[in-house]
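Each chain gets a letter, A, B and so on, in the order its sequence line appears, and its residues count up from 1.
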There are 2 protein chains.
Amino acid sequence: MANNDLRKRIKEVAVEHFNKDGYYGTTIRNIANEVNCSLPMIYYYYKSKKELFDDIIKKEFFDIIKKQTSKLKMDNVIDFYTRFIYDLNNLSDYDKKVYRLGIKVYLSFDGDEELMNLMDEWEKTIMPRHYQLLEPYLKNTDNKTAVVRTLVHLLETMIENIVVKNRYLPENEIREEIAIVLKDCE
Amino acid sequence: MANNDLRKRIKEVAVEHFNKDGYYGTTIRNIANEVNCSLPMIYYYYKSKKELFDDIIKKEFFDIIKKQTSKLKMDNVIDFYTRFIYDLNNLSDYDKKVYRLGIKVYLSFDGDEELMNLMDEWEKTIMPRHYQLLEPYLKNTDNKTAVVRTLVHLLETMIENIVVKNRYLPENEIREEIAIVLKDCE
DNA sequence: CTTCTTATTTAACGTTCGTTAGTATTGTAA
DNA sequence: TTACAATACTAACGAACGTTAAATAAGAAG
């Protein structure tokens, strides 16, 4: 009954601790304490500390990313990207922390080489995906790749503001910035 | 004689380790090993592990930041910001790592609350400084603050690419992106 | 009620951590 | 060469770490 409840709760608390203190700063004991279970219970559900960390990144983080990128329906370009970013404000606390932890690994501030490689592969898909999305709307632009690159860079900072720095970004500010880069798409 | 040499060398190695493994993942023993000195020598020059970390951020990092912001001479806006970012490519390895560590603290991926507060204060000065710099050149723009905000956001990602992800950003790519945001300043 | 699996605990293992006491070596000034 | 401060080391402290063995408690199945 409580079977998967405890497993889930452990992961939730782990996300919090890995976020706050990093991989090495997080201890199994602290997690067990906050979960209110005994220390070996963590090992009952997860083979090791590393597996717990990897599970969060490989499953939880990439789930969020996939969920996010699957919402790719385009009408107005600026509207779309504004919503794409704005929606991040409404992620659950848990999802936001998982996302944050993922970015931490993405910047190789935590995690190991294996996870870094996963991130590298994922990163390679970003630019082409947005280029493909934007290409039809950039008819009058001479340097399409530059615009796409600039937009993606801008999106990255805004994601970081919401997810990593945990700030609320109002919709109009998001729209303003995106509109400046996509000026020719209005 | 070797007085300050060893002190300096310890800090250099510490920067490397704090970067790679974070505060908790870094051990005084590992630092001492790489420096090729005995373990208590670290304590001869630095009161504690925390003081060593704080010293790097408070002195080294903010030195780099101050050096960077002091170079504020403006002729052509786009030229200026292009150079501002491009020059980061040529930072020494040591400076780059210190910068990277600073960003890690800035994103509160490492360090404690005290350092975070320092970063917050510093961050507050960024936007006004660039606004003041850019204001004379934005005569024809209706929403000046949005342009400045977008530019600063864009700069942040490019800095992160060079310093955190350790990538080389070619001058023309930097210029392209900045020019898109500062289109009306050419 | 018994049997067997699943869930949970107590207690401890070996290791490594940050830190320090105590001692030796070196350099310098008299 | 002697005296003294600065620089360096060996050895160890107690605490905390990841992990596991062994035992117990709870639930389901017969």
**Q** Let me know the distance between CZ of Arg9(B) and C1' of dA8(D), rounded to the nearest Å.
**A**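 Rounding to the nearest Å, CZ of Arg9(B) and C1' of dA8(D) are 17 Å apart.
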**Q** Whole angstroms only, please: what is the CE-P distance between Met41(A) and dT6(C)?
**A**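 Value for this atom pair: 13 Å.
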**Q** Could you tell me the separation between the CD1 atom of Ile42(A) and the C1' atom of dT9(C), rounded to a whole number of Å?
**A**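 Distance check: Ile42(A) CD1 to dT9(C) C1' gives 13 Å.
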**Q** Could you pick out which residue, Tyr44(A) or Arg29(A), lies toward the 5' side of DNA chain C when each is mapped onto its nearest nucleotide?
**A**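 First, find each residue's nearest nucleotide; the 5'-ward one identifies Tyr44(A).
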**Q** Atom CG of Asn33(A) to atom C1' of dC17(D): distance rounded to whole Å?
**A**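 So the two atoms are 14 Å apart, to the nearest Å.
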**Q** To the nearest Å, give me how far apart CG (Leu39(B)) and C1' (dT16(C)) are.
**A**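 Rounded to the whole Å, the gap is 12 Å.
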**Q** Take atom NZ of Lys49(A) and atom P of dA16(D), then tell me their distance rounded to the nearest Å.
**A**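 The distance from NZ of Lys49(A) to P of dA16(D) comes to 15 Å, rounded to the nearest Å.
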**Q** Parallel, tilted or perpendicular, judged at 30° and 60°: which one describes the rings of Tyr81(B) and His130(B)?
**A**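 Because their plane-to-plane angle lies in the 30° to 60° range, the rings of Tyr81(B) and His130(B) count as tilted.
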**Q** dC17(D) C1' sits how many Å from Ile28(B) CD1, rounded?
**A**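 From Ile28(B) CD1 to dC17(D) C1': 17 Å.
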**Q** Considering only side-chain heavy atoms of Tyr43(A), which listed nucleotide, dT8(C), dG18(D), dG18(C), is closest?
**A**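 Selected nucleotide (nearest to the side chain): dG18(D).
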**Q** Taking the nucleotide of DNA chain D with the nearest heavy atom to each, does Pro40(A) or Thr27(A) sit closer to the 5' end?
**A**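 Between the two, 5'-proximity favours Thr27(A).
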**Q** When you check the side-chain N and O atoms of Tyr94(A) and Glu12(A), is any donor under 3.5 Å from an acceptor?
**A**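 Short answer, no.
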**Q** Please check: side-chain N/O of Lys165(A) versus main-chain N/O of Ser108(B), any donor-acceptor pairing under 3.5 Å?
**A**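 No, the answer is negative, given that no donor and acceptor are paired below the 3.5 Å cut-off.
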**Q** Nearest whole angstrom, please: distance from the P of dT25(C) to the CG of Leu6(B).
**A**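 Rounding to the nearest Å, CG of Leu6(B) and P of dT25(C) are 19 Å apart.
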**Q** Below 30° counts as parallel, above 60° as perpendicular, anything between as tilted: where do the rings of Phe109(A) and Phe109(B) land?
**A**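 Tilted, since the angle between the ring planes falls between 30° and 60°.
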**Q** If you check the Tyr45(B) side chain, which of dA8(D), dT19(D), dT8(C) turns out closest?
**A**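 My answer, after comparing the listed nucleotides, is dA8(D).
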